**Q** 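Got a structure for you, questions after.
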Amino acid sequence: MWRRVTSLSPVISTSKPTSLDQAAFGFKIWRSSFSTETPTLVKDGPTSFKERNLFITFVLGGPGSGKGTQCQKIVETFGFKHLSAGELLRREIKSNSEQWSQMLNTIKEGRIVPSEVTVKLIQQEMESSDSNKFLIDGFPRTEENRIAFEKFTGLEPNVVLFFDCPEEEMVKRVLNRNEGRVDDNIDTVKKRLKVFEILNLPVIDYYSKRGKLHKASIWKLNYLITRSLLLLINAVGTEDEIFEKVHPIFSACGMMSPYFTF
Ligand SMILES: Nc1ncnc2c1ncn2[C@@H]1O[C@H](COP(=O)(O)OP(=O)(O)O)[C@@H](O)[C@H]1O
Ligand SMILES: O=c1ccn([C@@H]2O[C@H](COP(=O)(O)OP(=O)(O)O)[C@@H](O)[C@H]2O)c(=O)[nH]1
Ligand SMILES: [Mg+2]
């Protein structure tokens with residue numbers, strides 16, 4: 001079953017890479033050292049996420065749009081477990097993992113690390129956490145990422161936040177970020193903006209068209225409603241102004257929980 005998933009990944013695909021693959025992974029296609037028998041990647045594997053009734057939020061937006069900043073605020077106020085895909089990759093690089101130099105180069109070039117690496121890191125964090133609400137920040141970055149996550153974990157997001165920010169503002173924020181990141185420079189940010197447009201916008205587009213059916217019940221009246229998965233937030237303004245727009249989304253989730261089955 002998950003052979004099909006891995007075959008979606010150019011990492012281990014033997015077919016010629018397409019131009020999108022090249023944009024995502026670089027011109028050298030990685031040969032993965034992850035065994036296709038890795039137990040944690042088996043859908044409905046050792047820990048069945050479905051049984052845990054998880055609430056998953058994907059937090060998307062271009063580089064510097066404020067994803068990490070808003071996630072921190074959401075964590076402080078609503079107690080989610082924050083998983084930044086970029087942070088997980090940077091931690092993996094620091095820990096001198098087997099593929100650290102390929103990961104570092106990919107990040108320096110603003111390309112996307114193969115899905116099986118990122119999904120595995122996210123999945124391990126979710127398995128080892130006892131939280132049931134996760135903010136997955138900066139992932140999925142490509143349609144291929146999205147499909148791999150769904151197949152490996154058997155999960156789909158409950159909410160997708162998209163921080164919509166003009167390019168000049170994103171560039172300004174990234175160049176002022178001052179966290180010593182190898183990708184916070186003008187050359188990489190330009191490449192990242194292209195990758196964002198080519199590979200990440202189709203993911204946003206996918207979620208904008210995808211509604212989710214919710215069971216609602218008010219005064220003992222049961223009915224079904226369709227709500228969009230994607231919530232678009234204008235990311236221009238101060239950090240607090242943006243959080244004023246984010247806050248009601250999560251307070252609504254809490255308020256509605258007796259009535260809605262997420
Ligand atoms: N609303 C905002 N206005 C101005 N600067 C911001 C805002 N939100 C975040 N920043 C700053 O911009 C930089 C990028 O923010 P960050 O949260 O790391 O973005 P992302 O995770 O989307 O790349 C950081 O230095 C952060 O402090
Ligand atoms: O799912 C992911 C998330 C991040 N990255 C890589 O990590 C970099 C930094 O990602 P992060 O989310 O930390 O950047 P941000 O958008 O917050 O600036 C990206 O440009 C990619 O090279 C990736 O390959 N896959
Ligand atoms: Mg970030």
Side-chain angles (χ1 to χ4, degrees), residues 23-24 55-87 89-90 107 109-112 133-143 145-146 157-212 227-255:
F55 187 92
I56 311 279
T57 303
F58 283 159
V59 182
L60 303 179
S65 58
K67 302 181 292 296
T69 305
Q70 294 301 320
C71 281
Q72 250 173 298
K73 291 179 178 289
I74 298 166
V75 168
E76 282 160 22
T77 314
F78 297 101
F80 276 69
K81 171 82 177 166
H82 177 203
L83 300 179
S84 156
E87 283 300 329
L89 293 168
R90 285 186 285 275
I107 289 177
E109 288 300 312
R111 297 196 185 103
I112 307 300
K133 356 183 232 185
F134 292 94
L135 285 176
I136 303 185
D137 163 7
F139 179 94
R141 233 107 179 172
T142 65
E143 275 288 272
N145 273 175
R146 177 185 69 71
N158 300 84
V159 175
V160 180
L161 298 186
F162 171 51
F163 290 104
D164 190 20
C165 196
E167 284 198 0
E168 322 88 80
E169 178 66 18
M170 292 198 272
V171 172
K172 201 171 80 190
R173 290 184 193 175
V174 164
L175 297 182
N176 286 329
R177 181 151 44 189
N178 216 9
E179 288 176 6
R181 280 174 50 169
V182 292
D183 52 349
D184 282 352
N185 58 73
I186 189 66
D187 288 345
T188 310
V189 81
K190 278 186 186 162
K191 290 176 187 163
R192 292 190 63 197
L193 288 170
K194 270 192 198 142
V195 168
F196 171 70
E197 195 183 327
I198 298 169
L199 297 174
N200 203 201
L201 287 183
V203 179
I204 312 290
D205 192 46
Y206 171 86
Y207 286 122
S208 74
K209 291 181 181 133
R210 192 156 158 70
K212 192 157 185 168
R227 242 187 23 174
S228 171
L229 268 185
L230 183 75
L231 294 159
L232 192 133
I233 294 154
N234 179 346
V236 181
T238 65
E239 294 177 11
D240 287 342
E241 281 166 352
I242 315 297
F243 190 60
E244 272 173 35
K245 299 182 221 175
V246 170
H247 191 285
I249 296 168
F250 291 96
S251 21
C253 291
M255 268 160 48

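Given the structure is predicted, the values throughout are model-derived calculations rather than measurements.
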**Q** If you measure from CZ on Arg141 to CZ on Arg111, what distance do you get to the nearest 0.5 Å?
**A**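 If we round to the nearest 0.5 Å, Arg141:CZ and Arg111:CZ are 15.0 Å apart.
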**Q** Tell me if a side-chain donor or acceptor on Lys190 pairs with a main-chain N or O of Asn185 at a distance below 3.5 Å.
**A**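 Looks like no, no N/O pair under 3.5 Å.
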**Q** Please assess Asp205 against Lys209 for the test salt bridge (Lys or Arg N to Asp or Glu O under 4.0 Å), listing each intermediate value before the final yes or no.
**A** CA-CA 6 Å; Asp205 192 46; Lys209 291 181 181 133; 2.8 Å; yes
**Q** Can you find a heavy atom in the side chain of Gln70 that is under 4.5 Å from one in the side chain of Val59?
**A**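 A side-chain contact is absent here, since even the closest heavy-atom pair is not under 4.5 Å.
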**Q** Between Leu193 and Val171, is there a side-chain heavy-atom distance shorter than 4.5 Å?
**A**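 The answer is yes; the side chains approach within 4.5 Å.
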**Q** Is the NZ or CZ atom of Lys133 positioned over Phe55's six-membered ring, under 6.0 angstrom from the centre and within 45° of the axis?
**A**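 No; the conditions do not both hold, so Lys133 does not lie above the ring face of Phe55.
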**Q** Salt-bridged, Glu76 to Lys73, with N to O below 4.0 Å?
**A**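 No, Glu76 and Lys73 are not salt-bridged.
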**Q** Does Asn234 offer a backbone N or O that forms a donor-acceptor pair with the side chain of Lys245 under 3.5 Å?
**A**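 Checking the backbone N and O of Asn234 against the side chain of Lys245, a donor-acceptor pair under 3.5 Å is found.
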**Q** Does the side chain of Ile233 reach to within under 4.5 Å of the side chain of Ile249, using non-hydrogen atoms?
**A**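 Of all side-chain heavy-atom pairs linking Ile249 with Ile233, at least one is under 4.5 Å.
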**Q** Please examine the side chains of Phe250 and Thr77, heavy atoms only from C-beta on, and report whether any two atoms are closer than 4.5 Å.
**A**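 No, side chains not in contact.
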**Q** To the nearest 0.5 Å, what is the distance between CD1 (Ile56) and NZ (Lys81)?
**A**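 Interatomic distance, Ile56 CD1 to Lys81 NZ, rounded to 0.5 Å: 13.0 Å.
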**Q** Does the pair Glu168/Lys172 count as a salt bridge with the N-to-O cut at 4.0 Å?
**A**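 Looking at Lys172 together with Glu168, the answer is no, because their closest N to O distance does not fall below 4.0 Å.
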**Q** Quick check for you: to the nearest 0.5 Å, what is the distance between Thr188 atom OG1 and Leu175 atom CG?
**A**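 The distance works out to 10.0 Å.
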